Amino acid sequence: MAERKIRQLTTSNFDFPALAQSRESKYVDKTALLYELSRNHDDAQYFISRPRRFGKSLMLSTLQAMFEGRRELFRGLAIHDLPWEGWDEKNRHPVYNFSMM
């Protein structure tokens, strides 16, 4: 029987585009949840709190790719086949990223 090498989950990659294009990393697909969270719900506001090293930066990078209309990065993920009205390359939404470090 052929021996299969199990790849380690990475906690050091915070850039969704780089992770999506990588063949060496695993990614736990939560894009369907982000899609639902990002839909317009009558001016709803969210406070997202997570512990240290729990994927906040990667989640924000994923949201940035969504709002920039970079659909090609999501090929093979749950969000790819969902309706992207208003999120295509013609209707990009500006995304501002501020680092507190």
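Note that the coordinates shown come from a computational prediction; the quantities given were computed from them, not determined experimentally.
Remark: A32 engages A78 in a side-chain contact (heavy atoms from CB on, under 4.5 Å) (not counting sequence neighbours). With sequence neighbours excluded, the residues satisfying side-chain contact (heavy atoms from CB on, under 4.5 Å) with K30 are V28, L33, R50. Qualifying side-chain hydrogen bond (donor to acceptor under 3.5 Å, both in side chains) partners for D15, counting only residues two or more places apart in sequence or in other chains: none. For S61, the side-chain hydrogen bond (donor to acceptor under 3.5 Å, both in side chains) criterion is met by no residue, not counting sequence neighbours.
F14 CZ to L60 CG: the interatomic distance, rounded to the nearest 0.5 Å, is 12.0 Å. Within the model, atoms CG of L77 and CZ of R71 stand 12.0 Å from one another, a figure rounded to the nearest 0.5 Å. Note that OG1 of T31 and NE2 of H80 are 10.5 Å apart. Values are rounded to the nearest 0.5 Å. Considering CG of L73 and CD1 of I79, their distance stands at 11.0 Å, rounded to 0.5 Å. Here the CZ atom belonging to F67 is positioned 4.5 Å from the OG atom belonging to S38, to the nearest 0.5 angstrom.
The shortest heavy-atom contact between M59 and L34 is CG-CD2, 3.7 Å.
Within the 4.5 Å cutoff, side-chain heavy atoms of Y35 are placed close to those of P83. The closest side-chain heavy-atom distance from F74 to T62 is below 4.5 Å.
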